Asks: 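Below you'll find the structure I mean.
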Protein chains: 2
Amino acid sequence: MSNRKTQESQRAGTPGPKDAKQKRTVRSQERVLTTTIELLYEAGLSLSVDEVSRRSGVAKTTIYRHWPTRAALVLEACRKLTPEPRVPDHGSFVQDVSDLIETLAQLLNTARWSAVLPSIADAAERDAEVAAVFGQIQAGHAAPFCEIVRRAQRRGELAKELDPSIMTAMLIGPVFYRRWFSREPIGKAFIQALIRQVVGAGSFMEQESAKSKQAE
Amino acid sequence: MSNRKTQESQRAGTPGPKDAKQKRTVRSQERVLTTTIELLYEAGLSLSVDEVSRRSGVAKTTIYRHWPTRAALVLEACRKLTPEPRVPDHGSFVQDVSDLIETLAQLLNTARWSAVLPSIADAAERDAEVAAVFGQIQAGHAAPFCEIVRRAQRRGELAKELDPSIMTAMLIGPVFYRRWFSREPIGKAFIQALIRQVVGAGSFMEQESAKSKQAE
DNA sequence: TAGCTACGCTACCGTAGCGTAGCGATTCTC
DNA sequence: GAGAATCGCTACGCTACGGTAGCGTAGCTA
């Protein structure tokens with residue numbers, strides 16, 4: 001948008017990723033984005049550009065030189081919240097799902113990150129652009145679950161009739177619910193019960209869930 | 001707060017619920033609250049008093065005569081969103097849970113109501129007072145589920161070791177997840193799969209879940 | 001119908017926020 | 001070191017919002 005190339009880089013014809021941006025420019029853009037994410041954690045989507053400017057030390061005019069509107073800035077910051085998909089492969093569905101859920105629970109219990117999602121989800125109800133970004137973030141969380149379900153089905157560990165996206169909802173849903181709706185702790189007992197429930201019902205070999213019988 | 005009794009009603013000693021409020025007062029208070037809830041549906045918690053005034057036809061000064069601050073008005077409107085708890089009793093856990101989940105799904109699929117909850121949940125992350133109201137709303141949804149679980153346990157239909165609040169999370173969680181996070185439709189197939197999963201794993205009589213085998 | 005009560009209206013005050021203009025000072029690149 | 005690209009700063013204009021004051025008027029109760 002504001003990426004006007006300098007004559008030099010265009011003449012040299014180097015299509016490198018730096019795009020002839022000055023060091024200073026990169027620095028202030030990074031500072032602004034970092035601060036914006038920080039404020040996202042604290043205030044949600046309703047953060048103000050003035051506050052970003054104050055806290056980052058970057059002049060408001062400079063911010064507007066790089067992002068045309070407040071919305072553009074906020075949306076770019078939100079996009080940075082997308083997790084890089086990590087799909088574990090321990091060879092068994094129970095272990096894969098335990099890995100993913102425990103990681104997710106850890107994240108929800110500690111990261112300041114988790115205070116932002118409701119704000120984005122709320123805005124997504126009314127703003128198509130936010131909804132798109134939110135969908136991307138959401139997919140980043142759901143995709144690994146879908147993947148391990150499909151893999152388990154290929155291995156014959158799970159019934160093929162199960163819809164991976166439904167399974168994903170049953171795995172993630174209760175965890176999210178605990179964090180944002182019932183606001184109860186997400187402890188070991190909860191996680192174990194959840195896994196046993198979902199795995200036990202969909203699995204061909206019920207004995208698998210027996211070894212995790214000692215809850216709490 | 002602004003319920004100053006008139007001399008008449010105090011002298012008469014009639015402790016009736018009308019509290020000597022003038023008809024006009026009741027009318028405008030109702031109009032304001034209705035409009036506020038309406039705006040809650042559209043804009044979430046960030047609605048403005050000016051807009052309430054404009055749309056309701058009630059002067060802003062009048063609004064401030066009845067509610068000391070904007071927050072008080074918004075909170076009272078939120079409190080009206082608490083559902084009255086309805087606990088079905090069909091005699092079997094599967095039927096009770098189907099009843100509750102289908103009602104919930106119906107609500108989430110249609111009611112404008114469902115666009116507000118993320119906004120409240122978001123605010124609850126940062127505001128203790130909103131968190132309290134949100135907890136009340138949330139309890140209104142969860143309590144019936146807890147209750148039918150406990151009843152099923154008493155009847156011997158469900159294992160007594162299961163924590164009702166965990167069961168509730170497993171039932172409501174996936175439904176909420178579908179509505180607000182993955183934003184996928186909440187259809188018959190989903191509901192049936194969910195019920196079969198949760199009931200199947202926690203039940204003593206697995207054959208119960210067999211009759212709902214024809215999904216989609 | 002008399003009198004009190006509540007209401008509507010207009011006009012405010014102060015703050016916060018978005019976004020822009022102009023200009024001098026830095027900092028980068030060559 | 002020269003020139004160009006950016007940056008910071010101050011000062012705006014505009015809108016929206018929360019909340020209040022005063023006054024005239026309409027509606028209610030008795």
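Here is the naming used below: chain letters follow the sequence lines, and residue numbers restart at 1 for every chain. Computed from a predicted model, the values in this text were never measured in an experiment.
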Asks: Just to be sure I understand the geometry, which residues of residues 51-63 of chain A put a non-hydrogen atom under 4.0 Å away from DNA chain D?
Replies: A:Gly57, A:Val58, A:Ala59, A:Thr61, A:Thr62

Asks: For residues 108-124 of chain B, which residue pairs pass the salt bridge (Lys or Arg N to Asp or Glu O under 4.0 Å) check, not counting sequence neighbours?
Replies: B:Glu38-B:Arg112, B:Asp122-B:Arg126

Asks: Could you give the distance from CG (B:Asp127) to CG (B:Leu45), rounded to the nearest 0.5 Å?
Replies: 9.0 Å

Asks: Just report the end-to-end axis angle for the helix from C:dT1-D:dA30 to C:dC30-D:dG1, five pairs per end, to 10 degrees.
Replies: 40°

Asks: Kindly write out the residues that satisfy ring pair (Phe, Tyr, Trp, His ring centres under 6.0 Å) with A:Phe181, not counting sequence neighbours, or none if the list is empty.
Replies: B:Phe176, B:Trp180

Asks: Can you pull the ring-ring contact (aromatic ring centres under 6.0 Å, His included) pairs that have at least one residue in residues 123-146 of chain A, sequence neighbours excluded?
Replies: A:Trp113-A:His141

Asks: Please identify each residue that fulfils side-chain hydrogen bond (donor to acceptor under 3.5 Å, both in side chains) with A:Glu129, with sequence neighbours left out.
Replies: none

Asks: Using atom CG of B:Leu39 as one end and atom P of D:dC17 as the other, report the distance to the nearest whole Å.
Replies: 11 Å

Asks: Does OP1 or OP2 of C:dA6 have a side-chain N or O of B:His66 closer than 4.0 Å?
Replies: no

Asks: Tell me: CZ of B:Arg31 to C1' of C:dC7, nearest whole Å?
Replies: 10 Å

Asks: I need the CG-C1' distance between A:Asp50 and C:dG17, as an integer number of Å.
Replies: 6 Å

Asks: Identify, with sequence neighbours excluded, every residue that meets salt bridge (Lys or Arg N to Asp or Glu O under 4.0 Å) alongside B:Glu42.
Replies: B:Arg55

Asks: Just the rounded figure in Å: distance from P of D:dT10 to OH of A:Tyr64.
Replies: 19 Å

Asks: Would you give me the side-chain donor-acceptor pairs under 3.5 Å for residues 99-106 of chain A, sequence neighbours excluded?
Replies:
unit_1   : atom_1 : unit_2   : atom_2 : d
A:Asp99  : OD1    : A:Arg86  : NH2    : 2.9
A:Asp99  : OD1    : A:Thr103 : OG1    : 3.4
A:Asp99  : OD2    : A:His90  : NE2    : 2.8
A:Thr103 : OG1    : A:Arg86  : NH2    : 3.2
A:Thr103 : OG1    : A:Asp99  : O      : 2.8

Asks: Which pairs pass salt bridge (Lys or Arg N to Asp or Glu O under 4.0 Å) with one or both residues in residues 22-37 of chain A, sequence neighbours excluded?
Replies: none

Asks: Tell me which pairs pass salt bridge (Lys or Arg N to Asp or Glu O under 4.0 Å) where either residue lies in residues 70-83 of chain A, with sequence neighbours left out.
Replies: none

Asks: At under 4.0 Å between heavy atoms, how does the protein contact nucleotides 23-28 of chain D? Give one character per nucleotide, 5' to 3', with B, S or -.
Replies: ---BBS

Asks: Any side-chain N or O of B:Ser48 below 4.0 angstrom from OP1/OP2 of D:dA16?
Replies: no

Asks: Among residues at least two apart in sequence or on other chains, which ones pass side-chain contact (heavy atoms from CB on, under 4.5 Å) with A:Val87?
Replies: A:Pro144, A:Glu147, A:Ile148, A:Arg151

Asks: Under a 4.5 Å cut-off applied to non-hydrogen side-chain atoms, are B:Leu40 and B:Leu81 in contact?
Replies: yes

